[in-house]
Amino acid sequence: MTGFTIASQFTAGANEELRRSGCRVIDLPRGAPASLPDDVAILVATPFEWRGAARPEGWPWNIRWVQLASAGIDAYPDWLFEAPIVTAAAGVTAQAVAEFAITAVFAAIKAMPDCWIGDAGEWAWRDVQGIAGKTLGILGYGHIGKRVAAYGRAFGMDLLVARRSVDMSPPEGVEYVPDIDTLIARSDHLVLAAPATPATRHILNEATLANAKPGIHIVNVARGALIDQDALLGALEAGQVGLATLDVSEPEPLPPGHPFYAHPRVRLSPHISFLTPDLGARLVGFFTANLARFRAGDGMEGVVIKKPVSKESTL
């Protein structure tokens, strides 16, 4: 037994798996709880229905640790981070999201699915571009960005990265650039993999998009808030942006009739890049490994340190 109780917003099946491993678990509905039993020391929070929730009286109660069931932290209110320890599920979905992003890039280069034909009258040769030598820009160089870069490098792409810190030498085959303007001006394909912060909100806007390499393909697998969607629509209409692959939007879902649903140069998906059949097992595995570290007093994975972020900084 763990010696304390866990209040968990994991699925019922995942919570049952935790119980079989010796944990005392309370099934907790989505959203911010108004209170918890006194013996609850660990809270597992899923990113649903927390945004805008009022700080409950007496928070953080007897909570010693909050584990977020997401890598991003923007879906939770600031008061949640008053708990003694808060950890995010860092890297759990990174491979799936990176695979989605690089697949979108490769599909655009190879003109898929437009190159498929359905009639003998369409049987005609057409040029199909090569991947090697194309410039892949990546905004943010965390778990996702690093995997996207590895996939791009494996296919011979030129890699540019803009990240919060450039005080270290870049890995082989990667060039660090100082800002979004340099990145967007040089990239054939730009993958957004940065967190949503005051510094990254609408980092793609009318001004930055005006500096984009003509015909650029923008892939957003991060957060919809990184893009000023009206500005993106204008850049698409003007031909400055050739294609936008958007797995995220602001808001989610977009309202009925939004231009992105029917735009011929927008590939829109309903925030599914992270969803794989083994996601639940991965999250439980991350939590149980962190639980072992917590009990042993060892350093934990994914510790969140909330810091003020200047709106003027690059990322």
Side-chain angles (χ1 to χ4, degrees), residues 2 6-31 42-50 65-76 86-107 138 140-152 154-155 191-196 219-224 245-249 252-253 267-295 298 300-304:
T2 64
I6 302 165
S8 172
Q9 295 181 329
F10 280 149
T11 64
N15 285 343
E16 189 57 38
E17 183 178 341
L18 291 177
R19 292 188 187 99
R20 287 195 294 269
S21 68
C23 299
R24 293 202 298 269
V25 181
I26 295 173
D27 293 305
L28 190 66
R30 292 179 174 182
I42 299 173
L43 170 63
V44 178
T46 57
F48 305 105
E49 301 170 26
W50 280 85
W65 166 35
V66 176
Q67 172 68 61
L68 308 180
S70 61
I73 64 174
D74 55 298
Y76 307 93
V86 179
T87 54
V92 169
T93 62
Q95 180 172 332
V97 176
E99 289 173 351
F100 190 98
I102 203 67
T103 298
V105 170
F106 291 170
I138 304 169
Y141 204 54
H143 292 281
I144 295 170
K146 289 174 182 175
R147 283 173 168 81
V148 171
Y151 294 142
F155 279 79
V191 173
L192 305 184
V219 180
N220 192 1
V221 289
R223 290 291 187 270
T245 299
L246 308 174
D247 187 51
V248 289
S249 62
E252 292 182 359
R267 305 289 184 261
L268 183 66
S269 53
H271 202 162
I272 58 172
S273 60
F274 69 100
L275 286 173
T276 56
D278 63 346
L279 175 58
R282 285 177 175 271
L283 287 169
V284 170
F286 185 94
F287 171 71
T288 54
N290 247 358
L291 179 60
R293 297 184 189 99
F294 178 75
R295 297 181 67 189
D298 295 336
M300 301 174 71
E301 292 290 328
V303 174
V304 176

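Checked against the 6.0 Å centroid threshold, Phe106 and Phe155 count as a close aromatic pair.
Residues Val284 and Ala14 approach most closely at CG2-CB, 3.6 Å, considering heavy atoms. Summarising the geometry of His143 relative to Ala90, their closest heavy-atom pair is NE2-CB, 3.8 Å, with the distance given to 0.1 Å. Residues Arg223 and Gly72 come closest through the heavy atom pair NH2-CA, 3.7 Å. The two residues Ala101 and Val191 make their nearest non-hydrogen contact at CB-CG1, 4.0 Å. Between Ala71 and Ala88 the shortest heavy-atom distance is O-CB, 3.6 Å. Between Leu283 and Ala89, the closest heavy-atom pair is CD2-CB, 3.8 Å.
Gln67 is listed as a side-chain neighbour of Thr87, based on a closest heavy-atom distance under 4.5 Å. With a 4.5 Å cut-off on side-chain heavy atoms, Ile42 and Leu291 count as touching.
Between Phe287 and Phe10, the two ring planes are perpendicular [angle over 60°; tilted spans 30° to 60°].
Between Ile144 atom CD1 and Phe100 atom CZ the span is 12.0 Å, to the nearest 0.5 Å. Here Asp27 contributes atom CG and Ser8 contributes atom OG; the two are 7.0 Å apart, rounded to the nearest 0.5 Å. How far CD of Gln95 is from OG1 of Thr276: 9.0 Å, rounded to the nearest 0.5 Å. For the atom pair OG (Ser21) and CD (Glu16), the distance works out to 10.0 Å, reported to the nearest 0.5 Å. The distance from the CD atom of Glu49 to the CD atom of Gln9 is 9.0 Å, given to the nearest 0.5 Å. Distance check, rounded to the nearest 0.5 Å: CH2 of Trp65 to CD1 of Ile6 gives 7.5 Å.
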Show your working on side chain to side chain contact (heavy atoms under 4.5 Å, CB included) between His271 and Val248 and close with a plain yes or no. CA-CA 5 Å; His271 202 162; Val248 289; 3.7 Å; yes
Starting from the C-alpha separation in whole Å, work towards a yes-or-no answer on side chain to side chain contact (heavy atoms under 4.5 Å, CB included) for Leu28 and Leu43. CA-CA 9 Å; Leu28 190 66; Leu43 170 63; 3.4 Å; yes
Take Leu279 and Val92 through the test side chain to side chain contact (heavy atoms under 4.5 Å, CB included) and record every step on the way to the result. CA-CA 8 Å; Leu279 175 58; Val92 169; 4.3 Å; yes
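One N or O on the side chain of Asp247 and one on the backbone of Ser273 form a donor-acceptor pair closer than 3.5 Å. Between the side chain of Thr93 and the backbone N or O of Ala96, no donor-acceptor pair lies under 3.5 Å. In this structure, Glu301 contributes its side chain and Asn290 its backbone to no donor-acceptor pair below 3.5 Å.
A side-chain contact (heavy atoms from CB on, under 4.5 Å) with Ser70 is found for exactly one of Tyr76, Phe274, Phe48, namely Tyr76.
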